[in-house]
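Here is the structure we will look at.
Worth knowing before you read on, the calculation uses all heavy atoms, side chains too, and leaves out hydrogens, waters and symmetry mates. Being a predicted model, the structure only gives us computed values, none of them experimental.
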Amino acid sequence: MVDVLGRFLNMGVEPYNFVSALNCILAQRLVRIICDSCRTAVHYPNDVLEASGLDPKQWSQVPLYEGQGCIECAGTGFRGRTAIHELLDLTDRIREMILDRKPSSEIRRVAREEGMRFLRESALDKVRGGFTTLKEINKVTFIETMR
Ligand SMILES: [Zn+2]
């Protein structure tokens, strides 16, 4: 969502013009789904979890999977895609921040206070559910520490 804001502002669009016209901003990415035929449980060492911004205490208990690659998936380990998304609700407070051209980090902080779930969290849900891999979501979402 912050990308979207940045893109509008860089295009020279007056913030007022789009902020007043929108109720919310949806950001979506596609991640590949692990192949059913070759999915295998994997265990990552703590430093790998930490490098992905995950708390090892919490995540070492979560069963994680990867596809080994087989005939069904042409050796990729993935078959199909699923969407992850985040929705920024343009509340009055957020609108004002955009109009004031506040830094996106500040807007994100306020959005979080207002209950926004970010792309990264949506992606982590897919990992937790065994649908996709940690490496896959690290390619499409930023690693951020949630603490
Ligand atoms: Zn496969």
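- Taking Lys139 as the reference, Glu136 meet the salt bridge (charged side-chain N to carboxylate O under 4.0 Å, His left out) condition, with sequence neighbours excluded.
- Both Val127 and Val48 are part of a single hydrophobic cluster, where members link through side-chain heavy atoms under 4.5 Å apart.
- Taking OG1 from Thr82 and CD1 from Ile34, the interatomic distance works out to 11.5 Å, rounded to the nearest 0.5 Å.
- Considering CG of Leu64 and NE2 of His43, their distance stands at 8.5 Å, rounded to 0.5 Å.
- The two atoms that bring Ala27 and Leu119 nearest to each other are O-CD1, 3.9 Å, heavy atoms only.
- Minimum interatomic distance between Ala83 and Lys126 (heavy atoms only, all atoms of both residues): O-CE, 3.6 Å.
- At least one donor-acceptor pair closer than 3.5 Å links the side chain of Asp55 to the backbone N or O of Lys57.
- Within 6.0 Å of CG in Asp100 there are more than 12 heavy atoms belonging to other residues, nucleotides or ligands.
- Evaluation of the salt bridge (charged side-chain N to carboxylate O under 4.0 Å, His left out) rule for Lys135 yields Glu66 as partners, not counting sequence neighbours.
- At a threshold of 4.5 Å between side-chain heavy atoms, the hydrophobic network of Ile, Leu, Val, Met, Phe, Trp and Tyr places Val110 and Leu99 in one connected group.
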Practice task
Evaluate the side chain to side chain contact (heavy atoms under 4.5 Å, CB included) criterion for residues Thr141 and Ile84: first the C-alpha distance (whole Å), next the side-chain angles of each, then the deciding distance (0.1 Å), finally the verdict.
Solution key: CA-CA 10 Å; Thr141 61; Ile84 55 170; 3.6 Å; yes
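- Taking hydrophobic clusters as Ile, Leu, Val, Met, Phe, Trp and Tyr residues chained together by side-chain heavy-atom distances below 4.5 Å, Tyr44 shares a cluster with Val31.
- With hydrogens and angles disregarded, a donor-acceptor distance shorter than 3.5 Å links the side chain of Arg39 to the backbone of Gly130.
- Here the straight-line distance linking atom CD1 of Ile33 with atom CZ of Arg79 works out to 10.5 Å at 0.5 Å rounding.
- Looking at residues two or more places apart in sequence or on another chain, you find no side chain to side chain donor-acceptor pair (under 3.5 Å) involving Thr76.
- No chain of hydrophobic side-chain contacts below 4.5 Å, direct or via other Ile, Leu, Val, Met, Phe, Trp or Tyr residues, connects Val140 to Phe131.
- Judged by the 6.0 Å distance and 45° axis criteria, Arg112 is not positioned over the aromatic ring of Phe118.
- Nearest heavy atom pair, residue Ser52 against residue Arg120, reads O-NH2, 2.9 Å.
- Not counting sequence neighbours, the partners of Arg128 by the salt bridge (charged side-chain N to carboxylate O under 4.0 Å, His left out) test are Asp125.
- Arg93 meets the side chain to side chain donor-acceptor pair (under 3.5 Å) test with Glu113; sequence neighbours excluded.
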Problem - side chain to side chain contact (heavy atoms under 4.5 Å, CB included) assessment of Thr133 paired with Val42 - result: CA-CA 10 Å; Thr133 69; Val42 285; over 6 Å; no
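- Nearest heavy atoms, Ala111 versus Leu88: CB-CD1, 3.8 Å.
- At distances below 3.5 Å, at least one donor-acceptor pair connects side-chain atoms of Thr40 with backbone N or O atoms of Cys38.
- Annotation: side chain to side chain donor-acceptor pair (under 3.5 Å) contacts of Ser60 (sequence neighbours excluded): none.
- Of all heavy-atom pairs between Glu114 and Ile94, the closest is OE1-CG1, 3.6 Å.
- Atom CG in Leu87 sits 9.5 Å away from atom CD1 in Ile25 (nearest 0.5 Å).
- By the rule that hydrophobic residues join a cluster once side-chain heavy atoms approach within less than 4.5 Å of another member, Leu49 and Tyr65 end up as members of separate clusters.
- To the nearest 0.5 Å, atoms CD (Glu50) and CG (Asn46) are separated by 6.0 Å.
- In this structure, OG on Ser122 lies 9.5 Å from CD1 on Ile137, to the nearest 0.5 angstrom.
- In plain terms, the two heavy atoms of Phe78 and Cys73 that are nearest each other are O-CB, 3.3 Å.
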